[in-house]
Engineer: 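Before we start, here is the structure in question, set down as structure tokens.
We name chains A, B, ... by the order of the sequence lines, and we start the count at 1 in each one.
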4 protein chains.
Amino acid sequence: MGEGDRGERSSAVPERLLAEATRMFAERGFERTSVQELVSAAGVTKGAMYHYFDSKDDLLYAIFQRLLAMQRERLDGYAKAPGPVAGRLRAAAADLVRTSIENMDESVIVFRSLHMLSPERQRAIRAERRDYQERFLAMVEEGRREGVFRAEVPLTIVATQFFGAVHHLGMWYRRGGGLGGAELGEHFAEMLMSGLLARD
Amino acid sequence: MGEGDRGERSSAVPERLLAEATRMFAERGFERTSVQELVSAAGVTKGAMYHYFDSKDDLLYAIFQRLLAMQRERLDGYAKAPGPVAGRLRAAAADLVRTSIENMDESVIVFRSLHMLSPERQRAIRAERRDYQERFLAMVEEGRREGVFRAEVPLTIVATQFFGAVHHLGMWYRRGGGLGGAELGEHFAEMLMSGLLARD
Amino acid sequence: MGEGDRGERSSAVPERLLAEATRMFAERGFERTSVQELVSAAGVTKGAMYHYFDSKDDLLYAIFQRLLAMQRERLDGYAKAPGPVAGRLRAAAADLVRTSIENMDESVIVFRSLHMLSPERQRAIRAERRDYQERFLAMVEEGRREGVFRAEVPLTIVATQFFGAVHHLGMWYRRGGGLGGAELGEHFAEMLMSGLLARD
Amino acid sequence: MGEGDRGERSSAVPERLLAEATRMFAERGFERTSVQELVSAAGVTKGAMYHYFDSKDDLLYAIFQRLLAMQRERLDGYAKAPGPVAGRLRAAAADLVRTSIENMDESVIVFRSLHMLSPERQRAIRAERRDYQERFLAMVEEGRREGVFRAEVPLTIVATQFFGAVHHLGMWYRRGGGLGGAELGEHFAEMLMSGLLARD
DNA sequence: TATGAATGAGGTTTCATTCAT
DNA sequence: GATGAATGAAACCTCATTCAT
């Protein structure tokens with residue numbers, strides 16, 4: 001039992017907990033998962049869990065944060081990249097679909113268990129998500145100013161259609177079915193662009 | 001104490017319970033709502049509730065059933081009506097949006113708390129919803145056979161986009177905001193049709 | 001719906017209830033049987049039951065009473081009959097076994113659910129049973145005075161052995177098995193007599 | 001606060017619960033004893049009880065198990081001991097009576113509340129009891145093969161009489177009355193042997 | 001850093017009984 | 001004689017969290 005060994009094992013505890021919580025919250029829901037079942041499945045004790053997380057709510061919040069931070073970081077990459085906005089928006093859209101599918105458990109939890117967070121944290125997450133959509137729509141605006149996107153359709157409608165469809169994925173998408181994440185990302189991005197791009 | 005009086009009073013208990021449950025489940029979630037809080041809000045006793053409903057789950061199921069039965073009945077009306085399929089599909093789409101907004105509480109519950117039902121009932125509800133979508137898409141097929149709808153786009157994509165957007169309504173639509181239910185229904189129907197209709 | 005018809009039906013209510021209660025209390029125990037299940041099985045309503053019986057306890061008490069009254073009446077028949085006491089005791093013993101088997105449900109209830117009665121009624125039933133045993137043992141004493149039964153063995157031991165064995169029937173006797181009620185009655189009576197009769 | 005101290009204190013909770021449950025279940029019956037009354041009497045909290053026992057049923061089962069395991073262990077001692085079978089069987093019989101009286105509460109519970117266990121556990125206990133009787137009767141058979149016991153009386157009758165009488169003890173035996181456990185054991189063993197031993 | 005026994009409030013549900021009709 | 005909706009107390013059990021070690 002060297003130090004490295006021990007360090008590895010203990011640093012694994014929060015990660016194992018998060019991984020197991022993600023799996024279980026997605027599978028049976030946040031409230032149907034008891035702390036005891038969770039720690040048993042993760043192979044740690046209750047005491048250990050409460051050493052790393054203040055509460056069960058804290059665990060849920062961490063899952064939200066991790067997914068949203070990742071998506072926002074990726075979006076920023078496309079927003080700040082060089083090149084024509086149309087190509088960057090299309091890439092960002094495809095990327096959101098692909099990463100939503102790759103992190104389906106987290107995505108399901110976000111849409112299903114947001115209301116289980118404390119009101120305060122619900123507000124924080126809602127703000128973060130609104131921020132994401134605004135940054136996304138800012139690219140649409142950018143394209144409009146440049147004249148490559150049509151200006152007639154209201155932004156709200158565009159957002160509803162696209163984010164609604166992404167959100168809806170968790171309701172029907174099954175791994176191993178017909179389409180892979182990358183393919184589906186292309187489909188969705190294509191539909192978004194066809195609604196935005198000026199005809200002719 | 002006439003007959004009508006008695007009928008009203010006794011039939012009022014289940015109805016009051018359903019109404020209050022719908023409101024509370026939508027507002028704070030199914031598991032955040034205790035039976036005690038629910039019956040207090042409805043002004044009945046716990047015993048009375050369990051006289052009419054076998055369990056808290058039963059109450060949730062009744063809410064699901066009521067919404068789905070209503071939507072299906074309305075869809076059937078459009079499916080069996082005379083006239084060109086394009087018009088009937090557009091009307092059905094607008095109607096779904098409008099009734100989803102009018103019954104926003106129920107709609108939110110359906111998408112957020114499905115996983116709180118017993119596995120058996122989850123299957124029943126999923127089957128009912130699948131059935132709804134199939135009937136809806138049958139109208140799309142009908143239009144394709146008649147040559148009024150394009151055949152290139154896969155049905156799954158059409159369904160995902162449209163139903164995803166409807167589903168997503170509960171995440172952002174707020175009563176008293178810009179658009180009313182009828183207007184929004186027209187917008188959504190318009191977008192659906194523009195994706196389906198053959199160009200020129 | 002003539003009067004006779006109606007009379008028959010209503011007089012059948014207490015009987016149907018007693019019959020069903022006997023069956024259910026024996027099968028699943030007194031406390032595991034709810035009043036609702038009982039009245040449903042008997043095909044009557046709760047109100048009807050409470051019209052004839054003051055409480056669930058009352059129903060249990062009636063079952064006890066009916067069995068004990070019947071057994072006591074039969075014992076009295078043998079006690080007061082003419083002829084040598086040995087023959088009458090043997091017949092009474094065989095009869096107890098046979099009727100216990102014929103009314104196995106009641107017998108099981110008596111030994112298993114006595115403690116569920118109100119303390120007052122428990123005392124009443126215990127007194128009645130003690131009385132039965134005393135009348136039974138009075139016949140043994142009679143035989144001793146006449147010199148046909150041995151006097152060495154204490155009465156308590158005789159009673160314990162015989163009544164213990166009768167009581168124990170409910171634990172192992174299964175209808176349709178090897179021995180019928182009458183045969184087993186003869187076996188038990190034979191064993192009792194062989195322990196009482198003077199040798200040689 | 002040494003190690004011994006801690007060990008004693010923590011092991012005391014399940015034991016205190018079992019002791020109190022045995023006393024109360026025997027006195028007023030399993031279902032007349034609420035979990036709240038039980039834990040109050042044992043001086044622990046409900047949570048503590050459910051930490052050690054999965055359910056109220058579990059507590060009942062533990063009482064059954066403890067008595068049956070003890071009895072079986074003692075019987076095995078006599079079965080495997082050296083010496084003539086008649087003496088060993090007599091000793092085993094006397095021992096069963098004595099230990100049944102010493103553990104009268106448990107004995108009463110076993111015969112009165114077996115039907116309150118889950119069906120599965122009822123089967124387990126019945127099997128264990130059947131096993132006990134078979135081991136007991138195997139000693140009778142052994143004696144018959146050696147020619148020391150009569151062969152005419154069927155084993156079932158022997159078992160019914162003896163175990164019936166033992167079982168019946170709980171119905172009439174009162175501590176402090178005439179006979180002590182050891183004496184009564186001798187009486188019962190004597191009666192069993194007199195029925196089994198060949199005459200002359 | 002980690003344990004796991006213990007807490008105690010609160011959860012859902014059951015049920016014998018009553019009573020207006 | 002009979003109904004069945006309604007009561008309300010009490011039942012069993014769960015669970016997130018704490019804390020002495």
Engineer: Restricting to side-chain hydrogen bond (donor to acceptor under 3.5 Å, both in side chains), what partner residues turn up for S40(A), sequence neighbours left out?
Structural biologist: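 side-chain hydrogen bond (donor to acceptor under 3.5 Å, both in side chains) check on S40(A) returns Q36(A).
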Engineer: Quickly work out the L17(D) CG to dC13(F) P distance and round it to whole Å.
Structural biologist: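 Atom CG in L17(D) sits about 14 Å away from atom P in dC13(F).
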Engineer: Let me know the distance between CG of D54(D) and C1' of dC15(F), rounded to the nearest Å.
Structural biologist: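 The answer, rounded to whole Å, is 15 Å.
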Engineer: Which nucleotide, dA5(E), dT17(E), dA2(F), lies nearest any side-chain atom of Y52(D)?
Structural biologist: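 Closest nucleotide among those given: dA5(E).
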Engineer: Strictly under 3.5 Å: I want the nitrogen or oxygen pairs between protein and nucleotides 9-11 of chain F, one per line.
Structural biologist:
none

Engineer: Determine the interplanar angle of the F111(A) and H167(A) rings, folded into 0 to 90°, and report it as parallel if under 30°, tilted if 30 to 60°, perpendicular if over 60°.
Structural biologist: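 F111(A) vs H167(A) ring planes: parallel.
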Engineer: For Y61(A), enumerate each residue passing the ring pair (Phe, Tyr, Trp, His ring centres under 6.0 Å) test, keeping only those at least two apart in sequence or located in another chain.
Structural biologist: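 Expected list: none.
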Engineer: List in chain and number order the residues that pass salt bridge (Lys or Arg N to Asp or Glu O under 4.0 Å) with E31(A), two or more places apart in sequence or in another chain; answer none if no residue qualifies.
Structural biologist: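 So E31(A) forms no salt bridge (Lys or Arg N to Asp or Glu O under 4.0 Å) with any residue.
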Engineer: D57(A) or M49(D): which one's nearest nucleotide on DNA chain F is closer to the 5' end?
Structural biologist: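 With D57(A) and M49(D) compared, the 5'-side residue is M49(D).
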Engineer: Nearest whole Å is fine: how far is dG10(E) P from Y50(D) OH?
Structural biologist: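 After rounding, the reported distance stands at 18 Å.
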Engineer: Report the stems of DNA chain E as range-with-range entries sorted by first number; a stem here is at least three consecutive pairs, Watson-Crick or G-U wobble, both distances under 3.5 Å, and write none if there are none.
Structural biologist: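 Stem segments, range with range: E:2-21 with F:2-21.
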Engineer: Measure the distance from CG on L38(B) to P on dG11(E) and round it to the nearest whole Å.
Structural biologist: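 Going from L38(B) (CG) to dG11(E) (P), I get 12 Å.
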Engineer: Separation of L59(B) atom CG from dT12(E) atom P, in whole Å?
Structural biologist: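 Spelled out: CG on L59(B) to P on dT12(E) is 11 Å.
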Engineer: Salt bridge (Lys or Arg N to Asp or Glu O under 4.0 Å) with E27(D): which residues, sequence neighbours excluded?
Structural biologist: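 With neighbours one apart ignored, the set is R23(D).
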Engineer: Just to confirm, is there a sub-4.0 Å distance from OP1 or OP2 of dA2(E) to any side-chain nitrogen or oxygen of H51(A)?
Structural biologist: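 No, because none of the side-chain N or O atoms of H51(A) sits under 4.0 Å from OP1 or OP2 of dA2(E).
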Engineer: How many whole angstroms separate atom CZ of R16(C) from atom C1' of dA2(F)?
Structural biologist: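 Atom CZ in R16(C) sits about 13 Å away from atom C1' in dA2(F).
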Engineer: Under 4.0 Å from OP1 or OP2 of dT7(E): is there any side-chain N or O of T45(D) that close?
Structural biologist: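 Answer yes for this pair, as a side-chain N or O of T45(D) is under 4.0 Å from OP1 or OP2.
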Engineer: Within the side chain of D57(A), is there an N or O that forms a donor-acceptor pair under 3.5 Å with the backbone of S118(A)?
Structural biologist: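 Yes, D57(A) side chain to S118(A) backbone: donor-acceptor pair under 3.5 Å.
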Engineer: For F53(B) and dA6(F), what is the distance between atoms CZ and P respectively, to the nearest whole Å?
Structural biologist: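 Distance, rounded to whole Å: 12 Å.
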Engineer: List the residues meeting ring pair (Phe, Tyr, Trp, His ring centres under 6.0 Å) with H115(C), not counting sequence neighbours, and say none if there are none.
Structural biologist: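 Partners of H115(C) by the ring pair (Phe, Tyr, Trp, His ring centres under 6.0 Å) criterion come out as none, since no residue qualifies.
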Engineer: Nearest-Å distance, CG (D58(B)) to C1' (dT13(E))?
Structural biologist: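 D58(B) atom CG is separated from dT13(E) atom C1' by 13 Å.
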Engineer: Applying salt bridge (charged side-chain N to carboxylate O under 4.0 Å, His left out) as the test, list every pair that has at least one member in residues 37-56 of chain A; sequence neighbours left out.
Structural biologist: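 Only R28(A)-E37(A) qualify under salt bridge (charged side-chain N to carboxylate O under 4.0 Å, His left out).
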Engineer: What residues, two or more places apart in sequence or in another chain, satisfy ring pair (Phe, Tyr, Trp, His ring centres under 6.0 Å) together with F64(A)?
Structural biologist: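 F64(A) satisfies ring pair (Phe, Tyr, Trp, His ring centres under 6.0 Å) with no residue once adjacent residues are dropped.
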